[in-house]
Number of protein chains: 2
Amino acid sequence: MNDVKAGPEEEWVKSGEVRISDLAAELGLTKGTVSRALNGYEDISKKTRKRVMEAATKRGYVPTTQARRLAMGLTETIGLVLPPMPSQPVNTFISEFIHSVSAALHLHGYDLLVHSANSEESEVEPYRRLVQSRKVDGFIIFRTNEKDPRVNYLLNEGFPFVTHGRTARMAEHDWFDIDGEKAFRDATSHLIKLGHQRIGFVGGGKEFFSAQLRLKGFRTMLEESCLEKVPSLEQPGDLTGQGGEIAAQNLLKQTRPPTAILCANDATALGVMKAARELGFNIPEELSVIGYDGIALGAYIDPPLTTLTFSIEESGKEMVNLLMRRLKSPDLPVISKLASAILKLRGSEGPPSSIQNKNMENCL
Amino acid sequence: MNDVKAGPEEEWVKSGEVRISDLAAELGLTKGTVSRALNGYEDISKKTRKRVMEAATKRGYVPTTQARRLAMGLTETIGLVLPPMPSQPVNTFISEFIHSVSAALHLHGYDLLVHSANSEESEVEPYRRLVQSRKVDGFIIFRTNEKDPRVNYLLNEGFPFVTHGRTARMAEHDWFDIDGEKAFRDATSHLIKLGHQRIGFVGGGKEFFSAQLRLKGFRTMLEESCLEKVPSLEQPGDLTGQGGEIAAQNLLKQTRPPTAILCANDATALGVMKAARELGFNIPEELSVIGYDGIALGAYIDPPLTTLTFSIEESGKEMVNLLMRRLKSPDLPVISKLASAILKLRGSEGPPSSIQNKNMENCL
DNA sequence: AATCATTTCGAAACCGGTTTCGGTATTGTT
DNA sequence: AACAATACCGAAACCGGTTTCGAAATGATT
């Protein structure tokens, strides 16, 4: 019954004011004992444990996070570094991803620290800072490059992390990814079955591993279907709408333009559609377009954009699971998980206007 | 030169391994002295300060954040709680906002803790938890309601925060907002100048203060222009595409449909455009549509969506400034900042097909 | 009843910093 | 040269928890 603080009785109602030493003094115990009682140690009698618990809830005791973490030598925090924002952000992926990662982390008692990279400094600098100041226990990395400096740094440092996307060193770290190769095989196959024979592809930057894999899926399916690979039908892009416009112009101004265009993402597809409209191509009658990402906005445009979609929520959850496993037992072998995208038909694709009905069932 | 740790010389290369006590021992000083030297106290001689600094950089010493924060009694962290995700997020606001807030906080040495609210529990629960566990020093709140439980809780608790958006208690807390009323006056005025006389409005939920203010701006300008207020032309919405579709159907199936529709946000506008297409209205010839938010994708649809836009980056910066000011001097009077949106003409509006050329210059 | 095993808790070290206080050593003054 | 003032640094408390260790109290065993 020592005075917690000079003041009226209601003082204790205010949250965040009672410390473990207050509880201990009030109960006539030491703070060590109170701590163990609260944390379920076996060497506390049922009776005193009950006393402690009741006092704790009554007084609204919540341990001070900073102190707990310092004592336990962990931060219970995961870092997520946002890449520099594109001038025209087109995708809601990031916010959905943050949302799901944060929710999943919360189930494990972890917090999410979001840091933004400014474009002037090196890509790994934010990671280095967070590691050195010991602000996080691990990282969630997304939008990996094939040769990823962030991955190199963290591997070298022996610091836990999981990537969304594969890298050249994927055998050395946990990762989660969408099977973009299969996705684009599926989409290509779908177009071929519709009767398309000249299919264009607008890719992403060479640095994005995922974009490369999507291209690979496209090529693979062309080959399996005995369609010749036409280099001029493969256009580079940059995963933006503008890039899509330019690429579409390159494709559609050719003497024999493609009857369908596959795009490495939805932003690109929107640019392609815009350019196609301006060049007088009707979609989907004269040109089929398929994107990748499943952005919700795609359902509202005319025609609605057919796209490859996947669950961002699942991505977040799975990545958190991988990371938690790694934090608990750092020496387990690396594992990975590949999820698949599904083709969401919405209307921007259809059979080509003039179906040249070659027999394509057997290749030779 | 006592052994820092048994091991080879390279041990110190690994980051995050050297503590202040290591430095102190190496220099023959106490850790208190080292700390003061590093933090610019005046009672340290130039010579030893230099010695300490050099040793610190040489050994790559970075103070452990948790310990610093515990000792100093602050978290240097700001909390941002994400509202439950809509099933069809169409807006990139959140990710841009997080990005700018995070970057601005970083300039002040603060971190951003992102927490996601799950929809089952009370809206204030995440805030309560973060306050009680002392994980943050303040909050950034966005998407305020007129009567906002979060604001009530934090005001009652005396905990620092800034809102993006006004509330019923805006006189009691710092806030930043976009002048949605003026924005919608401008947009309405623009439509009236184009010759529109029957203008529809699709609002947001009644709980969103901002949506109410936008409606108010719409009504004000109608009144100033001597256009009669037609209740059936004001439709409620929910800030989603679906809500926009339904509202548009209600508007366009009327015997005298509006020639233009103002939407409380871009998602709504997309739904309106979709419904209009399906009902056979050409945009902008037969129906003008204007949205609010300035989403980048609006530029890629057909026709490109005219919208009211504002700088999300500025919003983030300003809010951080307000919050930092509050943290530094808690007793300063509350201040607020109102920024304005600008009308970005992209093509989804134009003069009505049949201009009834009433003289509207003078009201009476 | 003496001995041993268990249960239960207190004492104290520790996590890695910051900050206050006081004591030398040095400088300045006359 | 004696004394006061100042510069500089060490010692120790502190932030608020966790965890180890050992001792006292209790219970079980023979």
Side-chain angles (χ1 to χ4, degrees), chain A residues 4-5 15-53 55-56 59-77 109 131-137, chain B residues 4-5 15-53 55-56 59-77 109 131-137:
Chain A
V4 180
K5 262 197 169 94
S15 34
E17 295 295 343
V18 42
R19 300 293 126 102
I20 198 172
S21 53
D22 301 331
L23 268 191
E26 179 183 333
L27 293 168
L29 299 171
T30 63
K31 55 178 192 170
T33 303
V34 173
S35 172
R36 279 173 318 201
L38 257 32
N39 293 332
Y41 277 62
E42 286 304 327
D43 63 344
I44 302 290
S45 74
K46 282 195 172 183
K47 200 178 63 182
T48 60
R49 178 188 313 270
K50 195 179 161 208
R51 273 179 66 216
V52 171
M53 300 287 250
R59 300 288 301 268
Y61 168 72
V62 176
T64 300
T65 309
Q66 310 281 358
R68 243 177 52 87
R69 289 176 175 172
L70 173 60
M72 301 182 33
L74 40 80
T75 68
E76 296 175 319
T77 301
V131 168
Q132 289 184 344
S133 57
R134 276 142 261 152
K135 281 182 179 174
V136 300
D137 291 336
Chain B
V4 180
K5 260 192 172 98
S15 35
E17 296 295 343
V18 41
R19 299 294 124 102
I20 198 172
S21 54
D22 300 332
L23 268 191
E26 178 182 334
L27 293 168
L29 298 171
T30 62
K31 55 179 191 170
T33 304
V34 173
S35 173
R36 278 171 313 188
L38 257 31
N39 293 333
Y41 277 63
E42 286 304 325
D43 63 344
I44 302 291
S45 74
K46 282 194 172 185
K47 200 179 62 181
T48 61
R49 178 186 313 272
K50 194 179 164 211
R51 274 181 66 218
V52 172
M53 302 287 251
R59 301 287 302 267
Y61 169 72
V62 176
T64 299
T65 309
Q66 310 281 359
R68 242 177 52 88
R69 289 175 176 173
L70 173 60
M72 301 182 36
L74 39 80
T75 68
E76 296 176 318
T77 301
V131 168
Q132 290 184 344
S133 57
R134 275 142 263 154
K135 282 182 178 173
V136 300
D137 291 337

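By convention in this document, chain letters (A, B, ...) are assigned in the order of the sequence lines, proteins followed by strands, and residues within each chain are numbered from 1.
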B/Thr64 vs B/Arg19 side-chain heavy atoms within contact, under 4.5 Å: yes

Separation of atom OH in B/Tyr61 from atom C1' in C/dG17, rounded to whole Å: 6 Å

Between A/Thr65 and A/Arg68, a side-chain donor and acceptor under 3.5 Å: no

Nucleotide of D/dT18, D/dG16, C/dG17 approaching A/Asn39 most closely (side-chain heavy atoms): D/dT18

From C/dT19, D/dC9, C/dG16, nucleotide with atom closest to B/Ser35 side chain: C/dT19

Nucleic acid contacts - residues 41-53 of chain A versus DNA chain D, non-hydrogen atoms under 4.0 Å: A/Tyr41

Touch class at under 4.0 angstrom, heavy-atom based, for A/Thr64 against every strand present: sugar-phosphate

Among D/dG17, D/dC9, C/dG17, the nucleotide that comes nearest once only the side chain of B/Leu29 is considered: D/dC9

Sugar-phosphate, base or nothing in reach of A/Thr33, heavy atoms under 4.0 Å: base

Helical bend (five base pairs per end, nearest 10°) for the helix from C/dA1-D/dT30 to C/dT30-D/dA1: 50°

Side-chain donor/acceptor contact of A/Arg36 with base of C/dG10 under 3.5 Å: yes

Given C/dC9, D/dG16, D/dA11, the nucleotide with the shortest approach to the side chain of B/Thr30: D/dA11

Residue whose closest nucleotide on DNA chain C lies nearer the 5' end, A/Gly28 versus A/Met72: A/Gly28

